[in-house]
Amino acid sequence: MAGEDEKQNRFRTAFERGQKGEISDYKAWLQERGIDPDRANKSYITRYFTENPEQAPNHDEQLEDIAEFIGFFSTREETFHIPVIGVDGIGKTQLLHTIQRMLEQLGTDLPSQLYNADRFKEEAQGEASYWEDVLHKLSGLEKAVILVDNSYQDKRIQHSLKQINDQVQSSFIISTWTPEQWRIHREEIDDVVQVSNEAELTPLNEADTVEALEKTVQEISSQANRFSTEFYRQIHQYSLGIPGVFHSLLREALHETFVKGLDLGDTEAVVSAAEKLDLQNAEQRIYDLSDKKTTILKHILLSRHPDGRRPSELVELMDKDKSTVSYHLQNLVSEGVLQKEKAGRSTFYSVKPALKPVLQLRINGEGEINA
């Protein structure tokens, strides 16, 4: 009976805690602190900035350069092509949406179309494919701004861009690339659609990172939550000013605040979030990697497969024995750089999402991608 009484008392105590709002539920915890749990997620934040480009952490100088080129294009019968180059999460997709929205707001008669190249070869059943729809919409246009996102995901991007360009009498193509993929494809792309200029997106400075995070917190909060500037600065330090990474850190820091019972805005939550995302000393860890490990990572980055590379592919690409490649792969997994995933009988290795742009920055800085 004593045991039953104790259980009943604990149940009653827990029930009363719930009545007071003292519960171990993350969504309820967010709501208690004036944060909308339906907004504090990646999909909502991405959609918000896409629909409100004036609030986005854009790269204003590059945006203005592109606007000048489009203005020049609007008065001429010529073809232009500007590749937008930047690491994962830097804001390439956002920039395309911003360009399209700004053009619409200008009220010109210059049409714009935004496409995702990783869908160009998407098959359709019973209706026109995505690619056929692209060509149909462009066919016969005299002049258009054509925005092509994730260009490197199309294995036949050279052919695709040529067909797109051939559909329109006068086209302005803006395509997006990661640095390593652009270096591989630059010459062949320039042969079919000559490059007019390149727009390179670089990480945001501390002030712009803090401003972007403040805008994000304002949007997901129903109350005026005020985090300290140091809280935001610490996120900038770990993220290196890469929007995709600092937004991930913000979301993870909120969760770590809940898990560890910290006060909202405690910088300890940022440190814990960085550990969870393997961002502790990320830049130094990446730059300290051996040449052999860096070569393996370059090959993995260049894979178009969404799951990365299989060890057998790396053995063939590097002309190394299986045991050597496996040894380095396991080391990279234990060091928190790679993650592996089983797919049927195969195992795929990929760079951890938060570390991928850090690795791309290092490789881009080396000036050499050919692994």
Side-chain angles (χ1 to χ4, degrees), residues 59 61-88 90-96 98-100 103 110-121 131 134-135 137-139 141-202 298-299 301-304 317 357 360-371:
H59 299 76
E61 290 184 10
Q62 292 88 341
L63 186 63
E64 288 181 17
D65 287 344
I66 291 172
E68 287 179 355
F69 266 91
I70 296 176
F72 185 78
F73 161 76
S74 68
T75 63
R76 287 161 175 77
E77 302 299 324
E78 300 177 42
T79 295
F80 292 85
H81 176 212
I82 293 183
V84 175
I85 306 155
V87 301
D88 279 19
I90 200 69
K92 300 185 294 295
T93 301
Q94 176 63 58
L95 187 68
L96 294 190
T98 301
I99 291 168
Q100 188 175 46
L103 275 175
L110 189 61
S112 65
Q113 298 287 344
L114 174 56
Y115 300 113
N116 197 334
D118 64 6
R119 297 186 59 193
F120 279 173
K121 303 310 170 189
W131 176 243
V134 168
L135 297 182
K137 286 182 177 178
L138 294 176
S139 179
L141 288 179
E142 293 184 4
K143 186 185 289 283
V145 175
I146 304 161
L147 310 159
V148 183
D149 201 12
N150 298 313
S151 299
Y152 52 93
Q153 293 290 357
D154 179 10
K155 293 181 180 179
R156 301 176 61 205
I157 188 59
Q158 179 184 9
H159 176 70
S160 298
L161 289 180
K162 184 178 186 306
Q163 279 196 279
I164 286 173
N165 189 47
D166 289 344
Q167 295 298 310
V168 184
Q169 293 182 28
S170 182
S171 64
F172 192 120
I173 298 174
I174 303 173
S175 57
T176 67
W177 303 81
T178 59
E180 68 277 5
Q181 291 289 353
W182 178 241
R183 289 186 180 183
I184 289 293
H185 296 286
R186 176 168 43 196
E187 289 187 9
E188 65 183 41
I189 296 301
D190 194 45
D191 285 341
V192 296
V193 187
Q194 189 172 6
V195 174
S196 307
N197 194 22
E198 295 181 6
E200 183 176 358
L201 304 190
T202 54
K298 287 177 181 178
H299 281 301
L301 282 181
L302 289 170
S303 173
R304 285 193 178 92
L317 286 166
Q360 290 170 321
L361 283 175
R362 176 196 165 171
I363 291 173
N364 192 35
E366 290 176 351
E368 179 60 59
I369 187 63
N370 294 317

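Judged by distance alone, the side chain of K92 and the main-chain N or O of L201 form no donor-acceptor pair under 3.5 Å.
Cation-pi geometry between R119 and Y115 is not satisfied (NZ or CZ under 6.0 Å from the ring centre, within 45° of the ring normal).
Counted by atom type alone, Q360 and E180 present one or more donor-acceptor pairs between their side chains at under 3.5 Å. If you check the side chains of H59 and T202, you find no donor sitting under 3.5 Å from an acceptor.
Closest of all the heavy-atom pairs between D154 and A117 is CB-O, 3.7 Å. T176 approaches N150 most closely through the heavy-atom pair OG1-N, 2.7 Å.
Other residues, nucleotides and ligands contribute over 12 non-hydrogen atoms within 6.0 Å of the CD atom of E78. More than 12 heavy atoms of other residues, nucleotides or ligands lie within 6.0 Å of NZ in K143, so this atom counts as buried by the packing criterion.
Taking 4.5 Å as the limit, every side-chain heavy atom of H81 sits out of range of all side-chain heavy atoms of N165. You'll find the side chain of P179 stays beyond 4.5 Å of the side chain of I363, heavy atoms only.
Taking the salt bridge (Lys or Arg N to Asp or Glu O under 4.0 Å) definition, one finds that K121 meets it with nothing, sequence neighbours left out.
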Would I66 and V84 count as a side-chain contact (heavy atoms from CB on, under 4.5 Å) here? Give the steps. CA-CA 10 Å; I66 291 172; V84 175; 4.2 Å; yes
